[in-house]
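Beneath this line is the structure, given in structure tokens, with notes to follow.
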Amino acid sequence: VSQSRYSVLEPSIGKSYNGVVAQELAQTYQRPAIVLGESEDKQDRYSGSYRTFGDFDMKSFLKTVKNSIFAAGHSGAGGTSCWKNKLDIFKQELNYRLKDEKFEQTITYDLELDAEEINQDLIQQIEEFYRITGRDFQPGKFLIKNLFIEDKNPLSKKHTNFEHTKISCGSLDVVKF
């Protein structure tokens, strides 16, 4: 990562893990990351995965990079490749074109609440409003301010890894499945 701010060549990782490693790098360094390795045909190109950070559209960006052979997937995650003999030029172009870009993580939510505002009536109103979910009807996302975890306990002795957990937050208890 030190030589190239946005891409890593690591043939030993293997195709199955490129995306996982790219995601970890993007989150750790708070910028898009590309992890490349040997392509399946092992010919004259490297292939791998990209992950973005924040709202940056990495797929559209990679489609404009001269030495990117392709960009597939969606704006935040996908695959790409470059010619082996153009790897250094590929890295230089990424670094140059992204050097002034500001990458900020964004949190999108539908409603902001203070923990003190939450009561059974409000929960029932929200449940009624969001009772229809599915394709094109996503469940609501909420930012709850002033909510502090005081305690957490597994719901059963079988699930001591906190897979199913009761979380106590003052006057509000929530359950995580």
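Residue indices begin at 1 and follow the sequence shown.
- Here the closest non-hydrogen pair linking Leu87 and Cys82 is CD1-SG, 3.7 Å.
- Residues satisfying the side chain to side chain contact (heavy atoms under 4.5 Å, CB included) test with Leu143, not counting sequence neighbours, are Tyr109, Glu112, Lys145.
- Taking CD1 from Ile144 and CZ from Phe142, the interatomic distance works out to 8.0 Å, rounded to the nearest 0.5 Å.
- Under the 4.5 Å side-chain heavy-atom criterion for ILVMFWY residues, no single connected hydrophobic cluster contains both Tyr96 and Leu98.
- In the hydrophobic cluster analysis, where Ile, Leu, Val, Met, Phe, Trp and Tyr join through side-chain heavy atoms closer than 4.5 angstrom, Ile69 is grouped apart from Leu62.
- Interatomic distance, Asn119 CG to Ile123 CD1, rounded to the nearest 0.5 Å: 7.0 Å.
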Checklist entry - After noting the C-alpha distance and the side-chain angles of Ser68 and Phe90, does the key distance pass the side-chain contact (heavy atoms from CB on, under 4.5 Å) rule? => result CA-CA 7 Å; Ser68 173; Phe90 176 73; 3.9 Å; yes
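- For Thr165 (side chain) and Ile167 (main-chain N/O), no donor-acceptor pair under 3.5 Å exists by modelled atom type.
- Side-chain atoms of Ser39 come within 3.5 Å of backbone N or O of Arg45 as a donor-acceptor pair.
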Next on the checklist: Please evaluate residues Phe103 and Phe56 with respect to the criterion ring pair (Phe, Tyr, Trp, His ring centres under 6.0 Å), reporting the C-alpha separation (whole Å), side-chain torsions for both, the decisive distance (0.1 Å), and the verdict.
Outcome noted: CA-CA 7 Å; Phe103 301 106; Phe56 186 74; 5.3 Å; yes
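- Between Val35 and the choices Val21, Thr80, Val20, the side chain to side chain contact (heavy atoms under 4.5 Å, CB included) rule is met once, by Val21.
- To the nearest 0.5 Å, atoms CD (Gln30) and CG (Leu25) are separated by 13.0 Å.
- No hydrogens or angles considered: nothing links the side chains of Arg31 and Thr52 as a donor-acceptor pair under 3.5 Å.
- Across all non-hydrogen atoms, the minimal contact from Lys141 to Thr108 is CD-O, 3.8 Å.
- A pairwise comparison of heavy atoms in Ser75 and Asp57 identifies CB-OD1, 3.2 Å as the closest pair.
- Side-chain N or O atoms of Glu93 include one that pairs as donor or acceptor with a backbone N or O of Lys66 at under 3.5 Å.
- Heavy atoms of other residues, nucleotides or ligands lying less than 6.0 angstrom from CD of Glu116 number 12 at most.
- Nearest heavy-atom pair, His74 versus Tyr50, reported as atom, atom and distance to 0.1 Å: O-OH, 2.7 Å.
- When atom types are taken as modelled, the side chain of Lys166 and the backbone of Asn153 share no donor-acceptor pair closer than 3.5 angstrom.
- Here the straight-line distance linking atom OG of Ser49 with atom CG of Asn18 works out to 5.0 Å at 0.5 Å rounding.
- The hydrophobic clustering, which links ILVMFWY residues whose side-chain heavy atoms are closer than 4.5 Å, places Ile89 and Leu94 apart.
- Closest approach of Ser47 to Ser81, counting heavy atoms only: OG-CB, 3.4 Å.
- Cluster annotation: Tyr46 is not connected to Phe70 through the hydrophobic network of ILVMFWY side chains, with a link wherever side-chain heavy atoms come within less than 4.5 Å.
- Between Lys84 and Glu38 the shortest heavy-atom distance is NZ-OE1, 2.8 Å.
- Atom CG of Asp114 and atom CG of Asn146 lie 4.5 Å apart (nearest 0.5 Å).
- With rounding to the nearest 0.5 Å, the separation of CZ in Phe53 from OG1 in Thr28 is 10.0 Å.
- Surrounding NZ of Lys86 are at most 12 heavy atoms belonging to other residues, nucleotides or ligands under 6.0 Å away.
- Annotation: cation-pi pair Lys63/Phe61 absent, no NZ/CZ under 6.0 Å from the ring centroid and within 45° of its normal.
- When the side chains of ILVMFWY residues are joined at heavy-atom separations under 4.5 Å, either directly or via intervening members, Ile118 and Phe129 end up in a single hydrophobic cluster.
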